[in-house]
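Treat the numbers as computed from the prediction; the structure is a model and nothing was measured. For the single chain, residues carry numbers from 1 onward in sequence order. Every number for a ligand or one of its atoms is a count from 1 in the order of the listing.
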Amino acid sequence: MKKTIFLLGGTGFIGEQTMHHLQSENDVEVLALARSEKSARKIKALGATSIFGDMLEPGEWQKQVSNADVVIHIAQPETFGARITKATAKEYEANRLAMDYNLFEALSKEHKTKLVYVAGNSYYGETGIGEPKDENMKPCPTGFGPYITKAVNKAESLHGSNKEVIVAFPGSVYGQGSWLKQYFLDPISLGKPVMQLSGPSHWISPIHVDDCGRALVHLALRVKAELTNERFFLVDDKPITYKDIANGLATILNKPLKIKTIPGFLLGLFAGQIIRSYMETDSKYSNAKLRLTGFEFKFPTFEKGLKTFQLE
Ligand SMILES: NC(=O)c1ccc[n+]([C@@H]2O[C@H](COP(=O)([O-])OP(=O)(O)OC[C@H]3O[C@@H](n4cnc5c(N)ncnc54)[C@H](OP(=O)(O)O)[C@@H]3O)[C@@H](O)[C@H]2O)c1
């Protein structure tokens with residue numbers, strides 16, 4: 001029998017890749033929430049059925065959610081573009097909780113549902129510069145982390161009879177959009193300087209957006225969370241520094257690299273305290289648990305993923 005999968009956030013940066021990879025799965029029917037005509041067209045083009053609705057408002061969409069076998073929640077309130085201050089992050093937290101509330105209210109008590117909830121590695125935050133840490137590390141949230149903690153706890157509290165919950169914590173998801181475009185690709189392509197913090201360059205744990213979408217499909221269809229909820233880091237094999245990201249991109253794009261080094265307090269003024277907090281964090285996570293489930297990366301390192309920029 002066909003499994004019904006309901007996606008929230010299927011038109012976003014990670015969601016599009018997830019829908020794309022769901023297309024090659026057999027025996028699934030994919031529904032995705034659209035809050036505009038534009039999003040509905042995107043969903044159709046990705047081979048899924050669009051359901052109209054806005055997660056901030058209760059509505060007919062909740063009936064479809066309640067009948068789904070698998071719910072993949074990748075939606076988030078808008079975050080990019082402007083300075084990200086603590087006030088912006090608080091608004092993000094409130095909107096995210098309001099969106100999640102309408103989703104969780106919709107999940108029927110009688111119907112068995114698996115929820116794949118997408119959070120972010122900022123929930124775990126600072127790891128130090130030693131060996132990559134696994135999902136059992138004590139969270140030390142940075143960036144948006146403190147503002148998604150309540151949401152993750154609420155999602156995990158659903159786990160129990162008839163509800164299976166997996167929380168995915170993607171690392172720094174890179175591709176032709178999101179943070180990599182805003183802070184690295186656009187300035188390097190336009191010959192503008194890339195901002196870097198003074199002092200040693202910090203570590204992040206990247207994952208190519210294509211692998212992130214594939215990993216979410218893998219968790220949704222091939223991994224079980226029976227006894228307790230499960231958490232997975234979605235990161236590739238090798239953490240990398242911001243400096244090495246900038247160097248790698250400049251080389252592949254064949255552009256000279258201009259770096260503007262600024263102290264943390266100036267970055268805070270310019271880009272907001274949340275971005276400053278991200279850039280001052282060392283985030284070295286391990287994918288050992290994900291790999292144990294049999295997941296294979298197409299781009300196991302940033303160096304391998306860089307090739308996709310050369311072709312585009
Ligand atoms: N990007 C990263 O590097 C990264 C890293 C780690 C974790 N994550 C996490 O991954 C998740 C997705 O990130 P992303 O970068 O793919 O996000 P994104 O590109 O900003 O996409 C957000 C999605 O949410 C939808 N959405 C926003 N408000 C909505 C509402 N009120 N009702 C219904 N849908 C709504 C958007 O729909 P429209 O198309 O209609 O706007 C869009 O599909 C987030 O939880 C984020 O924290 C991202």
Side-chain angles (χ1 to χ4, degrees), residues 6-20 31-43 45-46 48 50-59 61-62 64-65 71-81 84 89 91-103 106 116-125 141-149 151-152 155 167-185 204-213 215-216 219 232-236 245 274-275 278 281 283 285 302 305:
F6 197 106
L7 255 99
L8 303 115
T11 52
F13 177 56
I14 299 173
E16 272 194 66
Q17 289 299 320
T18 311
M19 287 222 282
H20 169 72
L31 310 178
L33 192 69
R35 55 180 182 150
S36 66
E37 285 293 343
K38 189 175 160 215
S39 294
R41 282 195 297 276
K42 218 186 232 188
I43 290 165
L46 286 160
S50 65
I51 304 294
F52 268 95
D54 185 321
M55 287 185 79
L56 286 168
E57 305 289 338
W61 62 274
Q62 291 174 300
Q64 303 281 352
V65 167
V71 171
I72 310 180
H73 176 17
I74 327 176
Q76 67 166 350
E78 275 158 45
T79 51
F80 282 85
I84 304 178
E91 195 184 331
Y92 173 92
E93 178 183 44
N95 283 333
R96 185 161 180 139
L97 288 170
M99 287 159 68
D100 288 1
Y101 178 83
N102 285 327
L103 169 63
V116 177
Y117 186 92
V118 180
N121 70 358
S122 60
Y123 171 94
Y124 279 95
T142 54
F144 270 106
Y147 306 92
I148 60 170
T149 300
V152 170
V167 183
F169 296 89
S172 301
V173 185
Y174 68 95
Q176 298 280 350
S178 203
W179 61 275
L180 191 83
K181 176 171 161 52
Q182 187 175 351
Y183 300 116
F184 292 89
L185 275 175
I204 61 165
S205 292
I207 179 168
H208 194 285
V209 66
D210 184 88
D211 275 331
C212 189
L216 289 174
L219 293 180
F232 288 91
F233 284 148
L234 307 188
V235 296
D236 72 17
I245 286 189
I274 302 300
I275 299 300
Y278 270 118
T281 302
S283 307
Y285 308 105
F302 186 75

Heavy-atom distances under 4.0 Å decide this one: backbone, side chain, both or neither, for A119 against ligand 1?
backbone
Which of the numbered atoms in ligand 1 are under 4.0 angstrom from any heavy atom belonging to W179?
3 (O)
From Q76 CD over to M55 CE, what is the distance, rounded to the nearest 0.5 angstrom?
11.5 Å
Of D211, V118, I207, which is the lone residue that meets side-chain contact (heavy atoms from CB on, under 4.5 Å) with L234?
I207
Which one holds for S39 and ligand 1: side chain close, backbone close, both close, or neither close, with close meaning a heavy atom under 4.0 Å?
side chain
Provide the number and element of each atom of ligand 1 under 4.0 Å from a heavy atom of Y92.
47 (O)
Specify side chain, backbone, both or neither for K42, according to which of its non-hydrogen atoms lie closer than 4.0 Å to ligand 1.
neither
Record the part of W61 in heavy-atom contact with ligand 1 below 4.0 Å; permitted values are side chain, backbone, both and neither.
neither
For the 3.5 Å polar cut-off, considering only N or O atoms, please tell me whether P170 and ligand 1 meet it.
no
Does the side chain of E37 come within less than 4.5 Å of F52's, by heavy atoms?
yes
For I74, take its heavy atoms, then give the atoms of ligand 1 lying under 4.0 Å from any of them.
11 (C), 12 (C)
Rounded distance [0.5 Å steps], CG in L216 versus OH in Y117:
13.0 Å
Euclidean distance, I43 CD1 relative to M19 CE, rounded to 0.5 Å:
5.0 Å
Polar contacts were defined as any N/O atom of the residue lying under 3.5 Å from an N/O atom of the ligand; does this apply to S172 and ligand 1?
no
Check each of T11, L7, I148 against atom 37 (O) of ligand 1 and report the one with the nearest heavy atom.
T11
Do the side chain of T18 and the main chain of I14 share a donor and acceptor less than 3.5 angstrom apart?
yes
Filtering M55, E78, M19, E16 for the heavy atom nearest atom 32 (N) of ligand 1 leaves M55
Is there a donor-acceptor pair under 3.5 Å between the side chain of Q62 and the backbone N or O of G59?
yes
Per-atom filter on ligand 1: closer than 4.0 angstrom to a heavy atom of L33 are 33 (C)
Judged by non-hydrogen atoms, does K38 sit under 4.0 Å from ligand 1?
no
Please check this pair: side chain of W179 against backbone of V173, looking for a donor-acceptor N/O pair closer than 3.5 Å.
yes
Are any of the N/O atoms in F13 less than 3.5 Å from those in ligand 1?
yes
Just by distance, do the side chain of Y285 and the backbone of N121 share a donor-acceptor pair under 3.5 Å?
yes
If I take atom CD from residue Q64 and atom CD1 from residue I51, how far apart are they, to the nearest 0.5 angstrom?
4.0 Å
Positive for ring-ring contact (aromatic ring centres under 6.0 Å, His included) with F169, one of F144, F232, Y124
Y124
Residue selection (non-hydrogen contact nearest atom 24 (O) of ligand 1) among A75, A32, A151
A75
Taking only non-hydrogen atoms of V173 and a 4.0 Å limit, the atoms of ligand 1 in range are 2 (C), 3 (O), 4 (C), 5 (C)
Does only the side chain of R96 get under 4.0 Å from ligand 1, or the backbone, or both, or neither? Count heavy atoms.
side chain
Taking only heavy atoms of V118 into account, list the atoms of ligand 1 that are under 4.0 Å away from them.
10 (O), 11 (C), 45 (O)
Just let me know how F169 lines up against ligand 1, side chain, backbone, both or neither, with a heavy-atom cut-off below 4.0 Å.
neither
One finds that the ligand 1 atoms under 4.0 Å from a non-hydrogen atom of G9 are 23 (C), 24 (O), 43 (O)
Would S36 count as a contact of ligand 1 if the rule is a heavy atom under 4.0 Å away?
no
Rounded to the nearest 0.5 Å, what separation is found between the CZ atom of R35 and the OG1 atom of T11?
7.5 Å
If you round to the nearest 0.5 Å, how far is OG of S205 from CZ of F302?
13.0 Å
Any atoms of ligand 1 less than 4.0 Å from a non-hydrogen atom of G171? List them with their elements.
5 (C), 6 (C)
